[in-house]
Number of protein chains: 2
Amino acid sequence: MQHSATLAPGEHLFRVGDSFHSLYAVRTGCLKTCAVDPNGREHVINFHFVGELIGIDAIFPEQHFSDAIALVESSVCHLPYRAVSQLALEIPELQIQILRGLSRHVFSMTSISGDFSAEERLAAFLVMVSARHRLAGGGSTELQLAMSRQDIANYLRLATETVSRILARFQKSGLLRANRRQITLLNPDGLYAIAECMNPYSKCGINRRRPESGTTRR
Amino acid sequence: MQHSATLAPGEHLFRVGDSFHSLYAVRTGCLKTCAVDPNGREHVINFHFVGELIGIDAIFPEQHFSDAIALVESSVCHLPYRAVSQLALEIPELQIQILRGLSRHVFSMTSISGDFSAEERLAAFLVMVSARHRLAGGGSTELQLAMSRQDIANYLRLATETVSRILARFQKSGLLRANRRQITLLNPDGLYAIAECMNPYSKCGINRRRPESGTTRR
DNA sequence: CGACCTATTGAATTCGTTCAATGATAGTGG
DNA sequence: CCACTATCATTGAACGAATTCAATAGGTCG
């Protein structure tokens, strides 16, 4: 639809404070959005894989409150917001897609923000990356991570050392083989079992709790 | 726009697994959305104060993956999704409002999902509730909480005991006075100072880190 | 090779949890 | 009106998961 841009590893797509005028769709590569809080701690807000939107959270404040940084050589497609929202008025299908995209975004954020152990978080992260790789047409057991341990840790709210340790633990129990950014999933089902509690979908239908009598408190 | 419903404390608006066909706007009272994971742990996903939307995250899966429960006597307004999205095609202003609402939702979720200490989380929670009270026309220092310590704890990913203890700590340092669900903020600025790092807005503009040379890694 | 960065591993510490007991409040029925 | 019960909240002590601090190993690039 619009022209696209190429980014080198470490290059910024936008920065905190930049005014918002465009959404971006990732065509190739992988980016992270992150922010540094007043205390100087960095928080990785999200990773953006091929096909995902960047900038949704800036629509409301009309200003970017995060940095978007390419983790590897990446290309993104510009989607000027005015044009997109204008077009959405004419093409109902587009509007539906946008709303679904936003909803999906909220949906996925819900799981990461829950109260889960370090093992659960890391397992869910790997399952998630695996699923994205499959969507992008790659193998789902041979993962070439685009992000450092530090980025993973910041995203999962853990220390880098914890990420290393748990990967080692997973390796010891035969779940995977990890060599730096090259991860081989040896037992995807095992990982999935650990991560299951974080999968929003698992909350629907199958794992229903028994209907309770009338009003339920708490 | 549509008819509204009244809910008694503890009553469900919808349950996990219910099919999605309507958004809801809170007219009075307060609700929580929560889910129970496969391990039986409850996670409070969000509180919904007067004026807020409920159900955004169900647009994509077309199914509710959380329970919505009234914390106090509440009333909500039904917004049938089909009608709303249809109407949005005709009224550009409405579409913009919906997108802004969604974006705002994402925006607010970002802060709670970050890596912060128990004190920071609780302070931010109180500041947030205070702001909502003001928006709803109430006093912003005399807070009558709608939710239990248990709900607060589940929302903030803490134990109830930790919530109690930190409230006691805040009280001891003169920040507030807490008596069960009646909280009086004695030093809102002090609380705000603790919570500042969680305020997404504080990341914009003011607390800019110095521009770095070209490519910035991590 | 040596410098630098990323990742791993070990030991000590800490923040928050868990377990356990007590206190406060509201609702119920005699 | 006062037990009696149930629920919610607070407080103390022991525990534990993850962090922090510190040192080492493995890659990469000049």
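These values consider heavy atoms only, across backbone and side chains, with no hydrogens, waters or symmetry-generated copies. The model shown is predicted, which means the values in this text are computed figures rather than measured ones. So that the names make sense, note that chain A is the first sequence line, chain B the second, and so on, each numbered from 1.
- When rounded to the nearest whole Å, the span between CG of A:Asp151 and P of C:dC5 equals 16 Å.
- Rounded to 10 degrees, the angle separating the terminal helix axes of the helix from C:dC1-D:dG30 to C:dG30-D:dC1, each built from five base pairs, is 30°.
- Between A:Arg121 and D:dA18 there is no side-chain polar atom (N or O) within less than 4.0 angstrom of OP1 or OP2.
- Taking atom CG on A:Leu122 and atom P on C:dA7, their separation rounds to 13 Å, with Å as the unit.
- Taking the six-membered ring where the residue is Trp, B:His64 and B:Phe20 present perpendicular rings, their angle passing 60° and hence far from 30°.
- For A:Asn154 and A:His43, the side-chain atoms include no donor-acceptor pair closer than 3.5 Å.
- Neither side chain, A:Gln63 nor A:Ser19, offers a donor N or O lying under 3.5 Å from an acceptor on the other.
- Separating the CZ atom of B:Arg41 from the C1' atom of C:dT17 is a distance of 13 Å, rounded to the nearest angstrom.
- One interatomic measurement links the two molecules: CD of A:Glu120 to P of D:dA17, which rounds to 12 Å at whole-angstrom precision.
- Within 4.0 Å of A:Arg157, counting heavy atoms only, lie sugar-phosphate atoms of the nucleic acid but no base atom.
- B:Glu142 and B:Gln182 share a donor-acceptor pair across their side chains, judged by distance under 3.5 Å alone.
- The aromatic rings of A:His3 and A:His78 sit perpendicular, their planes meeting at an angle over 60°, well past the 30° parallel limit.
- Taking the side chain of A:Thr162 as heavy atoms from C-beta on, and the options C:dT17, D:dA18, C:dA11, the nearest nucleotide is D:dA18.
- Two residues are said to be in side-chain contact when any heavy atoms from C-beta on lie closer than 4.5 Å; B:Leu175 and B:Leu126 fail this criterion.
- For a distance-only test at 3.5 Å, the side chain of A:Arg165 qualifies as a donor-acceptor partner of the base of C:dG10.
- Looking at B:Tyr81 and B:Ser22, their side chains never come closer than 4.5 Å, going by heavy atoms from C-beta outward.
- The one candidate from A:Thr33, A:Val16, A:Leu31, A:Ile45 that meets the side chain to side chain contact (heavy atoms under 4.5 Å, CB included) condition with A:Asp67 is A:Val16.
- When the side-chain hydrogen bond (donor to acceptor under 3.5 Å, both in side chains) test is applied to B:Thr141, no partner is found at least two apart in sequence or on another chain.
- Following rounding to the nearest Å, A:Arg149 (CZ) and C:dT6 (P) show an atom-to-atom distance of 12 Å.
- Closest approach to the A:Ser164 side chain among D:dA18, D:dT11, C:dT9 is made by C:dT9 (side chain taken as heavy atoms from C-beta onward).
- Between the CZ atom of B:Arg181 and the C1' atom of C:dA26 there is a distance of 12 Å, given to the nearest Å.
- What separates CD1 of B:Ile166 from P of C:dT14 is a distance of 17 Å, to the nearest Å.
- DNA chain D is contacted by both B:Ala168 and A:Val163; B:Ala168 maps to the nucleotide lying nearer its 5′ end (nearest heavy atom per residue).
- Between the side chain of B:Asp18 and the backbone N or O of B:Arg15 there is at least one donor-acceptor pair closer than 3.5 Å.
- Computed from coordinates, the A:Glu119 CD to D:dA18 C1' distance equals 12 Å when rounded to whole Å.
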Could you list all N or O pairs between the protein and nucleotides 22-25 of chain D that sit under 3.5 Å apart?
none

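- Among the atoms of the strands shown, none is found under 4.0 Å from any heavy atom of A:Leu167.
- Looking at heavy-atom distances under 4.0 Å, A:Thr160 makes no contact with the nucleic acid at all.
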